[in-house]
Every structure is written in C-alpha cells, then in structure tokens.
There are 2 protein chains.
Amino acid sequence: MRTRDVNKENIIQEKAIEMIVKEGLDGFSMQKLAKAANVSPATLYIYYKDRDDLITQIATTVSHRLMETSLKGMHPKMSFADGLELQWKNRMEFFFKHPLDVEFIEQIRYMPTYDSVRDSIRQNFGDVLGRFVHNAINRGELQPLPFEVYWSIAFAPLYQLIKFHAQGSSPASEKFSINDDIVNQTLQLVIKALKP
Amino acid sequence: MRTRDVNKENIIQEKAIEMIVKEGLDGFSMQKLAKAANVSPATLYIYYKDRDDLITQIATTVSHRLMETSLKGMHPKMSFADGLELQWKNRMEFFFKHPLDVEFIEQIRYMPTYDSVRDSIRQNFGDVLGRFVHNAINRGELQPLPFEVYWSIAFAPLYQLIKFHAQGSSPASEKFSINDDIVNQTLQLVIKALKP
DNA sequence: TTCATAAATGAATGAATATTCATTTATATT
DNA sequence: AATATAAATGAATATTCATTCATTTATGAA
C-alpha cells in the first residue's frame, strides 16, 4: 500500500497554525488551508475527521509539546522556587522557539473547542505537577491554596507577559519587550506572593 | 424622517453577544444574527459598516461599560490597597451582573480584531489609572515596576479566576466556583506581592 | 513483476456566507 | 395634511464554505 507522507502532515499542521494566528479561527477555512499546504481539500479529510477535529488534534499535539518542554528537568521533589522557576524558564524557551505555536494555543484557549484539550493535558501531565505542589506544601515552601488561587498567581502573570509580547505588533500601542529581566522580576514577585 | 429604533439597536447588541459567547466568533453570522434579532440582514448594515465593524463596535461599547464600572468610586489619591481592592470588587460586580458581556470580551480579547478596542480603552481611561499608580509609588505603597510586570501581577490573576469560572461548564473537568473567599485570598496575595 | 491497499486527488455539491439594492415605511418638520 | 428623509425591509447576488466521491497513484508484500 501507498505510505503516508509524514512531511505532508507536518506542512498541514504548520500552515494551519500560521493561518489561524494571522487571520483568527474566524477566517480559517479548509480550502484555504489546502491551497496553502499544496494539498487537495480531500486530503485533509484523510488526516482529520472534519474541521473541528483538525483544530482539536493540532491543538492537542502542540499543547503536549508545550507541556513536555515545560516539565523538562522537573523532579517532584525540587524546591518550590526552583521548580517554578524551571517551569517559567522552560515555557519561555518554548515561547521563543515556537512563538506561533503559543499564539495559536492562546487564540483557542478560551473557546469551547479547547475543553477536550484541557482534559487531555490534565490526564497526561496532572500527576507530576500535583506531586510537585504537594511536596512543596509539605515542606512549608508553599501556602496550601485552592487550585484556582494557586494557578492564578503562579502562571497567569507569565501568560500575560507572553500576551503583551504577542500584542507588540499593534500599531497604535507602544511595543512591549519581554526580556529576561522583566520575566525574572515578575517571577520573583510571584514567588514572594506564594511563600507562607 | 423616520426615527431610529433604539430598542432594536439594543436587541442586536444583546443577541450578538449571546450568539458569540455560545457558538464562538467562528459560528457567528450576520444572517443568523438578523434572524435572532428579528431584523432584516440589511438593517444591520445601517448600524454597522460591515461584520468586522459590528464586532469591534460592540466590543468597544461593552469594554467601556466595564471600565466605567471598574473605576466607579476611584480617586487617584486612594491608598494602593484600597484602590486595587475597589477595582477588583467593581470588576467582579460587573462580572456577576453581566457574565455574558465579560465572556464575550474574553472571547475576542486575543484576536487581531481587538487591537483597536485596546487603543480606545487606553485613550479614554489610561489617565486616571496612570495617576493612581503614580501616587501609590510616590507614597511608597507600590514598587515602581515596568507596566507589563505591574499589570501581569495586579490583574492577570483576577482574569484567570473569571476564566476558571466561565470554564466551569466543561463536562469532564471539575467545576470551579469563584466565591468572595477565593477572590479575596487571591487579592491579598497580589497586594503582598506588589508591596515594596 | 504483480497485486492489494491505503494515500492522494480534482471536481462537484449544496448549504451558508457577507453584502447590496430597489422599494416600502414611519416620523419630524413644514 | 403634505413633504422630505432616514430607517427598515426582503429578495437577490456572487462568493466561499465544509464535505463527498469516483478515480488515480504510489508503495509494501507476494
């Protein structure tokens, strides 16, 4: 039998992300994607059940890549400050290497479509993070907090920084630059906030 | 001459927000909106130049309403803790009164479409907030921080809490409840982080 | 080389899309 | 009451959309 062209699959993913970041999910269509990827529209339906499945599958793939990078070098027994800093650093590294991927995720993160992606992340990576937090609390390095409070303080600021950066292209707004200083300064404030 | 039906304009806005929250910008169309608002599609083009203008205009209106509520009772000379708490409370009040409006804004907040809305907010409300922050720094109640760092710590956590709440309907995920306790606890951590 | 099979295609379908336009309707002014 | 004017309309247009299908193509196994 004829073999699947792996390269073709990658191009489809890449172009889809590019298009969605540039024009939004709104202006994204299967035919435009097919043209951009030099592929017949019908080919897309070999790889993906339908439009929705295409978006969900790509989002899941990218999210998993992001989470894997984010947890690189993490041990559940690390000190809280070290572990949080490592996660921030890892996420920033991913962001600088794959800015489009991150913008793509941020774009669909608040849509109904993303629900299943979130569940998949929780299933695959929830354990390590849960143990890390648990240990930090036991050692008195982290306040015991409801999950929502913890996450809102620990990661929402990082994502806000990333968004500032992504919005830097707006014409009338001043440009924001995310550099290591900005990120570190914010991280230190976050660690300070979470210390018991 | 025939007078414009103000009620009609409100219904159009309301239905548009409802539809976009429920189906996303993606599944939103002028014809569906016209039907939902009991109006001819052509009527929409009396009020709005085109689809994009409709979305931008409604987003601007809602954002301004949110900002006005958020600044209710604010004096630039307030203590930082009081001022920040007031803004959080005001925003939460708006959120509980108009949850759809907030979800609508969150939905388009990260799209290219929103750039002009952001600029309009800055033009109309940037001054009061700027003076408030300036005074707080002068009195030593707030660290002098780059704007990105300040905003990431001061407000990103609140918006994350709101998003958690909005996502509570996801079937496989646990439900999150935002109550006053959660919000207050987070706010106290934020104030602690920002204190010199 | 032959065969079986999944990959890949291009063209086609019907539904839905944004927008326009000639016409009608309501009202404020005269 | 008559008029002028902007609001409001419904039908129409051309375009774009997601998806399908009969057909062709490439390749691993025989």
Side-chain angles (χ1 to χ4, degrees), chain A residues 1-61 104 107-108 111-114 116-117, chain B residues 1-61 104 107-108 111-114 116-117:
Chain A
M1 61 163 180
R2 188 171 178 181
T3 45
R4 203 178 262 212
D5 187 339
V6 186
N7 192 42
K8 194 158 288 182
E9 200 167 353
N10 288 337
I11 292 182
I12 291 174
Q13 276 207 21
E14 209 172 285
K15 291 291 176 188
I17 291 170
E18 230 170 71
M19 289 176 60
I20 290 175
V21 167
K22 203 167 13 161
E23 317 180 44
L25 245 200
D26 204 22
F28 169 81
S29 87
M30 300 296 270
Q31 324 225 45
K32 281 199 268 184
L33 172 58
K35 182 159 288 181
N38 265 324
V39 144
S40 162
T43 305
L44 299 176
Y45 289 85
I46 296 170
Y47 293 88
Y48 308 99
K49 194 172 128 288
D50 54 26
R51 193 188 115 113
D52 216 63
D53 182 53
L54 183 146
I55 294 163
T56 306
Q57 269 198 51
I58 296 182
T60 304
T61 302
F104 164 68
Q107 186 111 168
I108 62 166
M111 308 199 42
T113 300
Y114 196 75
S116 68
V117 179
Chain B
M1 63 162 179
R2 188 171 179 179
T3 45
R4 201 178 263 215
D5 187 340
V6 186
N7 192 41
K8 195 159 286 183
E9 200 165 353
N10 288 336
I11 291 182
I12 291 173
Q13 278 208 20
E14 210 172 285
K15 291 291 177 188
I17 292 171
E18 231 170 72
M19 289 176 61
I20 290 175
V21 167
K22 205 170 6 166
E23 318 180 42
L25 245 200
D26 203 23
F28 170 81
S29 88
M30 300 297 268
Q31 325 227 43
K32 280 199 269 184
L33 172 58
K35 181 158 290 183
N38 265 324
V39 144
S40 161
T43 305
L44 299 176
Y45 290 85
I46 297 171
Y47 294 88
Y48 308 100
K49 195 172 127 288
D50 53 26
R51 194 188 114 112
D52 217 61
D53 182 53
L54 183 146
I55 293 162
T56 306
Q57 269 198 51
I58 296 182
T60 304
T61 303
F104 164 68
Q107 187 111 168
I108 62 168
M111 309 199 41
T113 300
Y114 196 75
S116 68
V117 179

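Lettering follows sequence order; numbering is per chain, from 1. We use all heavy atoms of the structure for the numbers below, so side chains are in, but hydrogens, waters and symmetry mates are not.
For residues 42-49 of chain B, proximity to DNA chain C is found at A42(B), Y45(B), defined as any non-hydrogen atom under 4.0 angstrom from a strand atom. DNA chain C lies under 4.0 Å from at least one heavy atom of each of the following residues of residues 10-32 of chain B: F28(B), S29(B), M30(B), Q31(B), K32(B).
On the nucleic acid side, DNA chain C contacts chain B at distances under 4.0 Å to non-hydrogen atoms, with the end points of that region at dT17(C) to dA28(C).
Where D50(B) and P41(A) each meet DNA chain C at their nearest nucleotide, the meeting point lying more 5' is that of P41(A).
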Could you list, one pair per line, each protein nitrogen or oxygen that sits under 3.5 Å from a nitrogen or oxygen of nucleotides 3-6 of chain D, together with the distance?
none

Just list the side-chain donor-acceptor pairs under 3.5 Å for residues 44-55 of chain B, sequence neighbours left out, or say none.
from, atom 1, to, atom 2, distance (Å)
D50(B), OD1, D52(B), N, 3.3
D50(B), OD1, D53(B), N, 2.9
R51(B), NH1, F28(B), O, 2.7
R51(B), NH2, D26(A), OD1, 2.8
R51(B), NH2, D26(A), OD2, 2.1
D53(B), OD2, K49(B), N, 2.9
D53(B), OD2, Q57(B), NE2, 2.9

Only distances under 3.5 Å count here; give the side-chain donor-acceptor pairs of residues 31-40 of chain A to other protein atoms, sequence neighbours excluded, each with its distance to 0.1 Å.
from, atom 1, to, atom 2, distance (Å)
K32(A), NZ, E23(A), OE1, 3.3
K32(A), NZ, G27(A), O, 2.7
S40(A), OG, A42(A), N, 3.1

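With sequence neighbours left out, the side chain to side chain contact (heavy atoms under 4.5 Å, CB included) criterion links N10(B) to V6(B). Residues satisfying the salt bridge (Lys or Arg N to Asp or Glu O under 4.0 Å) criterion with K15(B), sequence neighbours excluded, are E18(B).
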Exercise. Let me see the working for T113(A) and T56(A) under side-chain contact (heavy atoms from CB on, under 4.5 Å), right down to the final yes or no.
Key: CA-CA 7 Å; T113(A) 300; T56(A) 306; 3.8 Å; yes

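Listed by first and then second residue, the salt bridge (Lys or Arg N to Asp or Glu O under 4.0 Å) pairs involving residues 4-13 of chain A amount to none (not counting sequence neighbours).
Atom CD1 of I12(B) is separated from atom CD1 of I17(B) by 12.0 Å, given to the nearest 0.5 angstrom.
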